[in-house]
Protein chains: 2
Amino acid sequence: MALDISELSDRKKLILKAIVEAHIKLGEPVGSKYLMQEANIGYSSATIRNEMAELEDLGYLEQPHTSAGRIPSEMGYRFYVDTLVTQYDATTREASELKKMLSFKMSEIDKILENATKVASAITNYTALSLRPRPSSITMKRYEAVYIDAHSYIIIMIASGVDSVKTRNVKLPYEVTPELISALSTVLNKNLLGLSINDINISVIMNMERELEEQSAKEQKLCAELISVTIKSIYETMNELGSEIKFEGVNRLLEYPEYKNLDKLQKMISTIENKEDIIRAVSTIDQSDDETKIFIGSENMVKIMDDSTLIYKNLKLNGKTIGAIGIIGPCRMDYSKVLATIDQLSEEINRLSDIRALPNANNEESDK
Amino acid sequence: MALDISELSDRKKLILKAIVEAHIKLGEPVGSKYLMQEANIGYSSATIRNEMAELEDLGYLEQPHTSAGRIPSEMGYRFYVDTLVTQYDATTREASELKKMLSFKMSEIDKILENATKVASAITNYTALSLRPRPSSITMKRYEAVYIDAHSYIIIMIASGVDSVKTRNVKLPYEVTPELISALSTVLNKNLLGLSINDINISVIMNMERELEEQSAKEQKLCAELISVTIKSIYETMNELGSEIKFEGVNRLLEYPEYKNLDKLQKMISTIENKEDIIRAVSTIDQSDDETKIFIGSENMVKIMDDSTLIYKNLKLNGKTIGAIGIIGPCRMDYSKVLATIDQLSEEINRLSDIRALPNANNEESDK
DNA sequence: TTTTAGCACTCTTTTTGTTAGATTGCTAAA
DNA sequence: TTTAGCAATCTAACAAAAAGAGTGCTAAAA
């Protein structure tokens, strides 16, 4: 099955491309007669038939049943996107609309991702998703511990690069004072700024315990415990921050006949609702990778998502990966349009940095 | 059509009840023969037939077509839940499981609601939803303003009753100092504690402006603007806090034949995805109401949700409404089970207050 | 008077059969 | 090497028939 691309003649490529595009357009198996008449292939249906038979032997096409036309196999789609897809030419109208939709009152990372997802889903008419950056790449640029009462305080964390603010409520089985919490603030900022989840090791923690002890003049055990629960909270927050996934336009799935099969739809919606599977699938992708990734059908994807394609790209802002955006739909997807939309979106977001630099009077929410 | 309940003979009630329950179980129209054999009604099918014909005349039953059995009309369901439903006797096993699932490491309101929704969906096998309390009933017990840089600061708000913490990032077109932001903190806490969204009026705002001016010794215009954007953020946060709605188990919809109709399913999923419609529908319910509300079919519900039932109940913790929980499913719903589950859940949550009172070592996240 | 058995009638669902249409693969001719 | 033509295969669509379910009504039984 592992055949060189060079094995395909130009005519085979032409025919394969025509079949994939016709199938994307119509959603039905395409036959030799249709190809001869509608696609501009200068051969008779018999010739096309022969080529199709060979393409099927090679694994690029499939035949649902004897008297049906051919549909592309996963391998066929893969070949199509890898070599044949002609870049979709986003019309100027669409591009400017996209820019308008995106630039609307945004600055905070969650907002950008949310909006990008909405725009992507609206323009492509497929289900879109967004992901936060991986936990390992998240660092904080500021910590703040706020005393609530003798048995609880709040940690506020501001993530670097993006203005995302997270808070966490910590309850304690022992008593603390406002002074101790304030000292905790100082220690956190002194020791943890810029550290990622992997950088926070025992020696860092030990050091923090010692410093808190010195600063607060409280007993060693109390300080150790306070640092311990605090670190645990920070750890959990960083993890969560790195695995948020959001969907937009789930209902659009229903517009495509491939999900009219309720079993498939059921599985797809479960996958979307549970999220973990998709997060795991996407976690294999290098975060600094600038390429648009395409997973067709069963290609190392979540097993449940056979027959579906995920197109996925990391988003950068000021050179830093702030997350990723993806589109999910049937294998029979308008690849050129989706690819163009995703590329353009990521470009526009990159360009947003200029807007962000300007101070402005909009208040932006930080959490939701 | 507006007939007294007293008009129904006991036998009619018996038969109506049997029909509703059989239809809930089977999902199909039920006929006289089935009732005679399976339900324990001591009459012949002919007698049952006569009664059924009369129940149909009275509006309690419907006949999809001549040779089909009867299905309950909305009015039939309504009568069933109002008078006939025998309280589902949650087995001890189920009850204890429920308690176990609920009590797991919870204290923060979001967690409680999220968990309750999951449990409700899992036990009933329908789609569950949760809502936050209405904006008008939300007050804050603490404000904290944290200086970030000359052009931005963060407001932290802690909602009363529940430990829900919200933060908001505010960007400014003019410069501020740490001292000014600290003064802002003081002013906020002095003036806004315990005030709901409706209580914050012009005179409160004017007073805050004056106090901030005195405290910070900054120029009047700057103080006025700072108060203004801050109030705007607080206002938005309170509003958001009061209209959060979350769903769990959407995929379960697909298990019921009434949603096999893709059109209906499509509408339902859109409704769920857009949320506003449901929020609006539920907003009509008195928040202090302790009753379990049942909306069957077209009864003053979102128009899109014809053929579906929403069961809905406010949740209280320490006597205060902390939100609400609901179940959505087909009209043909296992009412007794759903009602029992919801009632039991709300009771268990009420009882959680005891657990909450104890200090404990768990840290609980506050935002997500 | 109330209940029930029986039966004709209606409508749906399932089955079966038939036909028309689509598409292929193969063969033989161009 | 390409193409025309044709038999073979399969599906989709339609129609007709049969089976099944349930009712309403009538007349007999309790």
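- Counting to the nearest Å, the P atom of dT3(D) and the CD atom of Glu51(A) are 11 Å from each other.
- Between Asn50(A) atom CG and dT24(C) atom C1' the separation is 10 Å, expressed in whole Å.
- Among dT12(C), dG24(D), dT4(C), the nucleotide with an atom closest to any side-chain atom of Tyr43(B) is dT4(C).
- The distance from the CD atom of Glu51(A) to the CG atom of Leu35(A) is 11.5 Å, given to the nearest 0.5 Å.
- Comparing dT11(D), dT23(D), dA4(D) against the side chain of His65(A) picks out dT11(D) as the nearest.
- The CE-P distance, from Met36(B) to dG6(C), rounds to 11 Å in whole Å.
- Residue Ser44(A) has a polar side-chain atom (N or O) positioned under 4.0 Å from OP1 or OP2 of dT3(D).
- Between Ile48(B) atom CD1 and dA21(D) atom C1' there is a gap of 16 Å when expressed in whole angstrom units.
- At a threshold of 4.0 angstrom between heavy atoms, the contacts of Ala68(B) are confined to the sugar-phosphate backbone, with no base atom among them.
- Taking atom CG on Asp57(B) and atom P on dT23(D), their separation rounds to 14 Å, with Å as the unit.
- With values rounded to the nearest 0.5 angstrom, Glu21(B) atom CD is found 11.5 Å from Leu26(B) atom CG.
- Heavy-atom distances to DNA chain C give each of Ala46(A) and Ser67(A) a nearest nucleotide, and the one nearer the 5′ end belongs to Ser67(A).
- Aromatic pair Tyr60(B)/Phe79(B): centroids less than 6.0 angstrom apart.
- Nearest heavy atoms, Leu61(B) versus Glu56(B): O-CG, 3.6 Å.
- One atom, CD of Gln63(B), and another, P of dT10(C), lie 14 Å apart when rounded to the nearest Å.
- Remark: dA30(C) base-pairs with dT1(D). Criterion, Watson-Crick or G-U wobble with two distances under 3.5 Å.
- Partner of Asp307(B) under the salt bridge (charged side-chain N to carboxylate O under 4.0 Å, His left out) criterion, chosen from Lys264(B), Arg332(B), Lys267(B): Lys264(B).
- Ring geometry for Tyr77(B) against His23(B) counts as tilted: the plane angle lies between 30° and 60°, on a 0 to 90° scale.
- Here dC26(C) is the nucleotide among dC7(C), dT12(C), dC26(C) with the atom lying nearest to any side-chain atom of Arg49(A).
- Counting atom types as modelled, Thr66(A) pairs no side-chain N or O with a base atom of dC10(D) as donor and acceptor under 3.5 Å.
- A heavy atom closer than 4.0 Å to some atom of DNA chain C occurs in Gly31(A), Ser32(A), these being the qualifying members of residues 26-34 of chain A.
- As rounded to whole Å, 14 Å separates atom P of dG22(D) from atom CD1 of Ile71(B).
- Within a 6.0 Å radius of NZ in Lys33(B), no more than 12 heavy atoms belonging to other residues, nucleotides or ligands are found.
- As a whole-Å value, the separation of Ile41(B) CD1 from dT4(C) P is 12 Å.
- Proximity of the aromatic rings of Tyr256(B) and Tyr126(B) is defined here by a centroid distance below 6.0 angstrom, and this criterion is met.
- For dG25(C), the OP1/OP2 oxygens have a side-chain nitrogen or oxygen of Arg70(A) closer than 4.0 Å.
- The side chain of Thr47(B) contributes no N or O atom lying less than 4.0 Å from OP1 or OP2 of dT3(C).
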